[in-house]
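Structure, as C-alpha cells:
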Amino acid sequence: MSLGQLHYTSAPPGPDGSGFRFTALTPGLPQSVLREAEQLIGYEPPRNAPARPSADELDAFPRAFSYSELSDGSRLLARTVYTGADYSGRWGNFHAHAVHLAPGQQLPDGALPVSAWESPGWATATPEGGAPPPLSALPPSSGLDRDGLIAFAASRAPWLAAVFTDLQRQAEDETAPQIVLVERDSADVARWVVLASTVLPRTAVHRLTFTTYTRRPHLAGQRIIGVLPDDAHGLAGSGRRHRVHDCAVPPSPDGPEPTPWAVAAARIWSAGALELFQYADRLPGEPFTPGPLSALALCAGIDLPSPHRTAAARWACEHPSELSQEELEGLIQTLAEPGYTPAETRHTPAEPGRTPADPRHTPTEPWPTPTAPQPAVAPVPASTPPAETAALAELFARVGSALRPEIAAPLAARLFTAAVRSAEPVRPPDRGALTDEVARRLAAELGPELRAGIVDAAGGTGRPLRLLRMAGSLGVDCADLVPSLAHRLASALLADPSAYGGELDGTLADRPDLRSALLRELDTAAGAAPASVTVLLERAPLELESREALPYLRMCGWIARSPSGGGDGTGARDRTGELRAVLGAAGVSVVAHPPLLRIAFRLVWGAATPTPEEARYVLAEQGADLHRTAETWPFLVTAALNGRPGDPHTDELAHELLTAFPTLLPPRDRAALLLLEFARDLRAGGAEPGWVDRILGLRRAAEPVNPPVLEHVFGRLARQLVHDPGPGRELDDLIRGNDADLCAAYEQAAREDSVRDRLLRDPRFLAARFVDWNAHPQAGGAWGKVRGPLLDGVLRPAVRALGAQELAAVETALTEHGGRYAEDFRAWNRPGALSRLGLRFGSRDSRTPGRRRGGDS
C-alpha cells in the first residue's frame with residue numbers, strides 16, 4: 001500500500017513561489033486534491049497564545065489532527081503544528097503533513113485514522129528532495145494507551161452518553177448536527193475520537209471525520225470538531241448545526257435523552273471493558289440496538305439501567321446460542337440482582353497491559369465470572385418496570401433448564417418475588433427451578449403477601465389465582481382462603497363466562513381443592529339460577545368430574561352439553577324425555593331430593609310453559625305427592641290455564657289437578673280449573689243442565705280469567721249450544737246472561753264450516769237454528785248484536801243455496817215446531833220488503849206456551 005504525502009509550510013522563494021505553499025508532494029496527486037487540501041490544513045494559533053513563544057510554550061500549542069473527506073470521495077489525514085517563525089523570521093508559521101487516501105482506501109491493516117495521532121511517521125519539517133515517496137504505513141501513537149484512555153473515559157463519564165448519542169444520530173442521519181468538543185488540550189479531543197471510534201460499528205468508523213483543533217468551527221466540515229474554550233462562545237444557539245459538549249462545565253440537565261445504546265456504551269467505557277465493542281460488532285442485531293451490547297456488558301457484570309436489562313434479556317432470548325455457557329451464566333447472575341452491583345462479581349478494569357478477551361474467539365483469557373455463587377432470594381425493587389420482569393420471565397423460560405441450579409435459583413427467586421409483588425401478570429418459573437433452601441426462604445418471606453393477595457378482591461380473580469398457584473409451589477398453606485376465592489370466582493364466571501381462560505384452567509389443574517370448592521359454589525348457584533350456570537357451562541370447558549354429588553350442577557351440565565341441544569336433532573323437542581334425562585343426570589333420587597324437580601323444570605322449560613299434554617305426563621310419571629313436595633304443581637296449573645283452546649288435554653289436565661291438589665289451589669285458580677273441567681264434562685256429555693249459569697258463575701269467581709281458558713270453555717259451550725242445545729233452556733239463559741264474550745263465542749261457533757255444512761245437508765238442523773236465532777227479537781245487549789249477523793250472515797246464505805226440495809223439507813221441519821214458524825220462514829225468505837221487516841216471533845211464542853225457544857229437531 002502507498003499513501004501519497006503532502007507537506008505545506010511557509011518556504012523561501014523557489015520555482016513554485018514563496019510564502020505558504022506545498023513544499024513537498026508525492027508525484028501524481030491531482031490538483032483538485034491539492035486545492036481542497038490547502039483549505040483543510042491551515043492553522044491559526046489560539047487567541048491567547050504568546051506572540052513569540054519559547055520552545056516549551058511552542059510545544060504546548062494545540063495539534064490540529066484531522067481526517068477529512070474530499071469532494072471526490074477520497075480522504076485526507078493531516079497533522080498541522082505551529083512552528084513559530086518562518087525562514088524570514090516572521091512569526092506565525094506552521095507545518096502541515098498529510099497523507100492522501102484514495103476513494104475506498106484505508107490505512108494499512110485497516111488501522112483507524114485516529115490511531116495515527118502523534119505517530120512517529122509525522123514530520124515537523126519538509127523533507128529534503130522535494131518529492132517524498134509514498135508512505136507504506138503510519139505507526140500508531142504511543143500516547144493513546146489503554147489505561148490512559150480508560151482513565152480519560154472515567155474523567156469524562158458525565159458527558160459520555162450524550163456524546164455517544166450524537167455519534168449514533170450522525171451515523172443514522174447525515175444531516176445530524178456536528179459534534180463540537182470543548183477541551184483545553186487537543187490530545188483530549190483525540191482521546192474522544194478514540195472513544196468514538198471504539199464504540200461505533202466498524203462500518204461507520206472509517207467514515208467518521210474529525211479535527212482535534214480549529215479556531216473557526218463554523219467553517220469546519222468534519223463530524224467531530226475540537227475547539228478551545230475561547231472559540232466555543234460563538235456556537236451558542238446553533239443547536240441545529242452543532243451539538244456542543246463543554247467538558248469544563250457540567251452537562252445541562254435539559255439536554256436530549258441519551259439513547260439506550262449510548263448509555264450502554266458509556267457504561268462499558270467507564271468499566272474499562274472496551275473489548276466488548278468488537279465482540280458486539282460481530283453479534284447479530286441491527287446497529288445501535290442496545291440488546292447485544294447490553295447483554296455483553298451484563299455478562300461481564302457491568303450494571304445497567306432497567307431498559308438495557310430488558311433489551312439484553314430479549315436479545316439473549318432470541319439468540320441464546322450466541323453466548324457461551326459462561327457468558328450466559330454471567331448474564332443470568334447479573335439479571336438476578338436488579339440494580340445492585342457487588343464488587344466481587346463485577347467487571348473491573350484490567351491491569352496495565354492486560355486485555356480480557358472474548359473467550360469464544362480468544363480462549364486464553366476466561367470471561368470474568370463470580371466464584372462459588374450462592375443462591376439467594378433476590379429483592380425486587382418497587383421501581384422494576386413490568387417490561388423488564390416480563391423479559392426476564394421469557395428468557396428464563398427459554399434457557400432456565402440449561403442452567404446449573406445454583407445459577408438458576410436466584411433469578412427464579414426474583415421472578416417468583418416479582419410475580420407476587422407486581423400488579424402486572426408475571427409468569428413464574430416451575431418449582432423445580434428453585435432449590436429447597438431458596439423455596440423455604442421464599443415461602444417465609446412471601447407467605448404473608450401471598451395470603452393477602454389471595455383475599456384481595458379489589459383487582460378481580462386473575463391475580464389471586466396466580467398467587468394461589470405460587471403458594472402451592474412454595475408450600476404456603478392457603479387452604480382456608482380457597483372457599484372465599486371459589487365464591488368470588490363463581491360470581492365472576494357467572495357474570496362473564498368469557499373470564500374462563502388458561503390461567504383458571506391451569507390453576508384448577510394445580511389446585512384440586514379450588515376446583516372442588518368452585519364446583520360446590522356453582523352447584524349452589526345452579527339451585528338458585530340454573531339458567532346462568534347453564535350459559536356458563538355452554539361457553540366454558542369446565543370439567544364436572546367429581547366424587548361429590550353436585551346434582552344441580554350436573555343437571556345444568558346435561559342441558560348445556562347435550563349433543564342435540566335438548567332436542568331430537570330435527571327441531572322438535574321431547575321435553576318430557578329431557579326432564580327424565582336431566583333428573584337422571586343429577587345422579588341422586590328426585591324422591592329423596594324433591595327440589596331437583598323444580599330446578600329440572602326450569603332447565604327444560606325455562607321461561608316457557610309446559611303444554612297440557614306434557615304437564616299431564618309429568619304429573620302421572622312423578623305423582624302428585626312429589627309435585628306437592630317439590631312445589632312444582634304451580635307449573636302444572638299454569639300449563640292448564642295457558643293451554644291451547646280446543647286441546648282436550650287442557651280440560652283433562654284441569655280435572656286431574658283438581659283431583660290431585662284440592663287443598664292447595666288458590667280460589668281463582670280453582671274456579672278457572674272448574675271452568676275447564678266443566679268444558680270436559682260438556683265434551684263427554686256428562687254435564688247437568690244449567691250450563692250457561694254454571695259457567696258464568698264460575699267465571700265471576702275466577703276473574704280475571706286467562707283468555708285461553710275463556711276461549712276454551714266458551715268455545716266448547718258455544719259449539720254445544722249450536723249443535724245440540726240439550727234438554728234445558730240453555731239458549732234462553734245465554735240471552736238472559738247478556739255476556740258479550742259468550743255471545744261472541746256463540747256467533748264464532750255458528751260461523752264454523754261444520755255448521756255451514758250441516759245447515760246445507762240437515763233441514764231439521766236448519767229449522768231449529770231458524771227458531772233459535774229468531775228468539776227474543778226485542779232483546780238488546782249482547783244477543784241483539786249477534787242475532788242479526790247470525791240470520792243474515794250465516795242462515796240466509798245457507799238457505800239461498802238450497803233447492804226447492806230442500807226448502808220444502810225445512811218448512812216441514814218448521815211445521816213440526818208448531819205455531820207459524822213455517823209461514824214466518826217463507827215470509828223471511830221471500831224477496832222484497834217483507835223479508836227486510838223482520839218477524840214478530842216474540843208474540844207468536846207467547847201463543848204457544850208449551851214450546852221451548854231453542855231445540856234441535
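Ion pairing between a basic and an acidic side chain is recognised when a charged N comes within 4.0 Å of a carboxylate O; Asp505 and Arg515 show no such pairing. Ion pairing between Glu174 and Arg207 fails under the 4.0 Å rule for side-chain N and carboxylate O. A salt bridge links Arg469 with Asp510; the closest basic N to acidic carboxylate O contact falls under 4.0 Å. At a threshold of 4.0 Å, the pair Arg520-Asp523 does not count as salt-bridged, since none of the basic side-chain nitrogens sits closer than that to a carboxylate oxygen. The pair Arg309-Asp303 meets the salt-bridge criterion, with a side-chain N (NZ, NE, NH1 or NH2) lying under 4.0 Å from an Asp/Glu carboxylate O. Taking the charged nitrogens against the carboxylate oxygens, Arg156 and Asp188 do have a contact shorter than 4.0 Å, which makes a salt bridge.
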Task: Check against side-chain contact (heavy atoms from CB on, under 4.5 Å), Tyr67 and Leu112 - done: CA-CA 10 Å; Tyr67 182 60; Leu112 298 179; over 6 Å; no
- [ ] Give the C-alpha distance, both sets of side-chain angles, the deciding distance and a yes or no for side-chain contact (heavy atoms from CB on, under 4.5 Å) between Gln222 and Gln178.
- [x] CA-CA 7 Å; Gln222 292 86 357; Gln178 296 167 286; 5.5 Å; no
TODO: Go through the steps to decide whether Leu542 and Leu519 satisfy the test side-chain contact (heavy atoms from CB on, under 4.5 Å), and finish with yes or no.
DONE: CA-CA 9 Å; Leu542 181 63; Leu519 294 180; 4.0 Å; yes
Open item on the list: Under the criterion salt bridge (charged side-chain N to carboxylate O under 4.0 Å, His left out), I'd like the reasoning laid out for Asp436 against Arg431: C-alpha separation, chi angles, the key distance, then a yes or no.
Closed with: CA-CA 9 Å; Asp436 292 341; Arg431 167 60 178 83; 3.1 Å; yes
TODO: I would like to know whether Trp261 and Val199 meet side-chain contact (heavy atoms from CB on, under 4.5 Å); could you show each step before the answer?
DONE: CA-CA 10 Å; Trp261 172 86; Val199 301; 3.8 Å; yes
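Sorted by first and then second residue, the pairs that involve residues 474-493 and meet salt bridge (charged side-chain N to carboxylate O under 4.0 Å, His left out), not counting sequence neighbours, are Arg451-Asp480.
Across Thr389 and Leu415, no two heavy atoms sit closer than the pair O-CD2, 3.9 Å. What you find for Cys299 and Leu323 is that their closest heavy atoms are SG-CD1, 4.1 Å. Nearest approach of Ala517 to Val482, heavy atoms of both residues: CB-CG1, 3.9 Å. The two residues Leu411 and Leu335 come nearest to each other via the heavy atoms CD1-O, 4.1 Å. Nearest heavy atom pair, residue Pro497 against residue Leu494, reads CD-O, 4.3 Å. For Ala280 against Leu296, the heavy-atom pair with the smallest separation is N-CD1, 3.5 Å.
Of the possible donor and acceptor atoms, none in the side chain of Asp430 sits under 3.5 Å from a partner among the backbone N and O of Gly432. Side-chain atoms of Thr259 never come within 3.5 Å of backbone atoms of Thr165 as a donor-acceptor pair (strictly under, hydrogens ignored). Looking only at distances, no side-chain donor or acceptor of Glu548 sits under 3.5 Å from a matching main-chain atom of Leu550. Checked by atom type and distance alone, the side chain of Gln325 pairs as donor or acceptor with a backbone atom of Ala402 at under 3.5 Å. Panel note: side chain Ser186, backbone Thr212; no donor-acceptor pair is recorded below 3.5 Å. At distances below 3.5 Å, at least one donor-acceptor pair connects side-chain atoms of Glu327 with backbone N or O atoms of Ser324. For Ser484 (side chain) and Leu481 (main-chain N/O), a donor-acceptor pair under 3.5 Å exists by modelled atom type. Judged purely by atom type and a 3.5 angstrom limit, Arg223 uses its side chain to pair as donor or acceptor with the backbone of Ala176. Side chain of Glu329 to backbone of Leu403: no donor-acceptor contact under 3.5 angstrom is found. Between the side chain of Asp456 and the backbone N or O of Ala458, at least one donor-acceptor pair lies under 3.5 Å.
Rounding to the nearest 0.5 angstrom, the gap separating the OG atom in Ser491 from the CD atom in Glu521 is 7.5 Å. For the atom pair Trp117 CH2 and Ser141 OG, the distance stands at 8.0 Å (nearest 0.5 Å). Atom CG of residue Leu304 and atom CZ of residue Arg267 lie 6.0 Å apart, to the nearest 0.5 angstrom. Between atom CD1 of residue Ile454 and atom CZ of residue Arg463 there is a gap of 9.5 Å, rounded to the nearest 0.5 Å. Rounding to the nearest 0.5 Å gives a distance of 12.5 Å between CD1 of Ile225 and CZ of Phe210. Between Leu395 atom CG and Glu318 atom CD the span is 11.0 Å, to the nearest 0.5 Å.
For CG of Asp145, the number of neighbouring non-hydrogen atoms (other residues, nucleotides, ligands) closer than 6.0 Å is greater than 12. The neighbour count for His319 NE2, taken as heavy atoms of other residues, nucleotides or ligands under 6.0 Å away, is above 12.
Within the 4.5 Å cutoff, side-chain heavy atoms of Leu544 are placed close to those of Leu537. Val420 places a side-chain heavy atom less than 4.5 Å from the side chain of Leu467. Arg421 places a side-chain heavy atom less than 4.5 Å from the side chain of Leu446.
Between Trp269 and Phe277, the angle of the ring planes lies from 30° to 60°, which puts this pair in the tilted group. Taking the six-membered ring where tryptophan is involved, the planes of Phe164 and Trp192 are perpendicular, since the angle between them exceeds 60° and thus also 30°.
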